[in-house]
Number of protein chains: 2
Amino acid sequence: MSAPSHISAPKLWIVLARAYGSASAYVQRAIAAQGLCLSDFMVLEVLLHKGPLTISAIGDKVLLASASMTSAIDRVEQRGFVQRTTCSSDRRIRLIALTPAGRHFITDLFAQHQQDLELLTAGLTETERKHLYSGLKKIGLTAQAATVPDLPQDHIKFS
Amino acid sequence: MSAPSHISAPKLWIVLARAYGSASAYVQRAIAAQGLCLSDFMVLEVLLHKGPLTISAIGDKVLLASASMTSAIDRVEQRGFVQRTTCSSDRRIRLIALTPAGRHFITDLFAQHQQDLELLTAGLTETERKHLYSGLKKIGLTAQAATVPDLPQDHIKFS
DNA sequence: GCATCTTCTCTCGACATCGAGATATCTCAT
DNA sequence: ATGAGATATCTCGATGTCGAGAGAAGATGC
């Protein structure tokens, strides 16, 4: 807890990576106990909170490539948690919807998940949370802005 | 940047995951451009800063399972960056050491890496860094403490 | 109407990781 | 010495992810 007098960039990176790793492992415990991976859980959670979506729409939310989405949906469909339905207005699309069993399952699991997260952040004061939130947001945005400039940049420049 | 008035635990988790994801992608750009994955890079970096180590010692530093370490060392050995040497005092052990080529390679790449990290955290004031550091450390420790209690606990209890 | 471009999903092959188990070696109490 | 247990590394099979590309279907321009 006692931070060194000067926080170098590598130190910050290490502690970020470690914090995410530990938190991720902690969060995954309850999820893995139900036989799901984190991606599957996130897919179901998005469906619970946003309603039926197309595969690519879910993929955008959970940051998964299309190939990964196909197998993610396959997995949760196999277990009867979601259903693929074809859309009459656009036959390329598969609309993914929770089944009643899936809704019940993810509702319970998400409640547990929230409880886990509360425990994880219980040791933080409100101001600490605020500082963490704004700092992480800054880093995230900086990284994202610095990563993109491969293709999109000259696309913007010359359009 | 403008944080909501109350930062819920799920919000904090999301922003942490996103920040790590973006930062990780950003950091990996330069590394992947050299044909290495993040694990390989960390292995080489540890060797650069700590000198020759055994496979399991490196695995402890970079948080990789033994099976993953074997293939990680295989990869960097294949490229001539490290060398496995047997230890006469303990023949179970393989001592991993950087080759001259490997040392040169990782020295350059690490310099680039540090520069990238500086850029990533350039937008943060010293106090922001401190707050981030201590907050992330707290979360990491909390998560780690909450994840372990599976096996080690009764080992401690009854020893 | 028809050709072309784009979008959506799926298949395929490659990759990094892990857990479990095999093997070789060392340590230590008897 | 010797046998039991610990330790270090490796092999094997499974998993989840991704990029590239295929195929179907919608959108657009002529």
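We name chains A, B, ... by the order of the sequence lines, and we start the count at 1 in each one.
- For D:dT9, one of the phosphate oxygens OP1 or OP2 lies less than 4.0 angstrom from a side-chain nitrogen or oxygen of B:S56.
- Taking the nucleotide of DNA chain D with the nearest heavy atom to each of A:D90 and A:L36, the more 5' of the two is matched to A:L36.
- Considering only side-chain N and O atoms, A:T70 lies under 4.0 angstrom from the phosphate OP1 or OP2 of C:dC10.
- Side-chain N/O atoms of A:R75 include one lying less than 4.0 angstrom from OP1 or OP2 on D:dT17.
- One N or O donor and one acceptor, one from the side chain of B:R92 and one from the base of D:dT7, sit under 3.5 Å apart.
- Between the CZ atom of A:R91 and the P atom of D:dA27 there is a distance of 12 Å, rounded to whole Å.
- Rounded to an integer number of Å, the gap from B:M69 CE to D:dC10 P is 9 Å.
- Atom CD1 in B:I55 sits roughly 9 Å away from atom C1' in D:dC10 (whole-Å rounding).
- Protein atom CG of B:D74 is 14 Å distant from nucleotide atom P of C:dC15, rounded to whole Å.
- Proximity of a side-chain donor or acceptor of B:T121 to a complementary backbone N or O of B:L124 within less than 3.5 Å is not detected.
- A straight line from CZ of A:F41 to C1' of D:dT15 spans 20 Å, rounded to a whole angstrom.
- Distance CG (A:L38) to P (D:dG16): 12 Å, rounded to an integer number of Å.
- Heavy atoms of A:A65 sit under 4.0 angstrom from primed sugar atoms or phosphate atoms, though from no base atom.
- Ring geometry for A:H49 versus A:F110: interplanar angle over 60°, hence perpendicular rather than tilted (30 to 60°).
- In summary, of the residues considered (A:Q114, A:Q112, A:H113), a side-chain hydrogen bond (donor to acceptor under 3.5 Å, both in side chains) with A:D116 occurs for A:Q112 alone.
- In B:E45, the CD atom is crowded: over 12 heavy atoms of neighbouring residues, nucleotides or ligands sit closer than 6.0 Å.
- For A:Q28 and C:dC18, the CD to C1' distance is 12 Å, given to the nearest whole Å.
- Contact annotation: side chain of A:S66 to base of C:dC10, donor-acceptor pair present below 3.5 Å.
- Atom CD1 in A:I73 sits about 8 Å away from atom P in C:dC10, given to the nearest Å.
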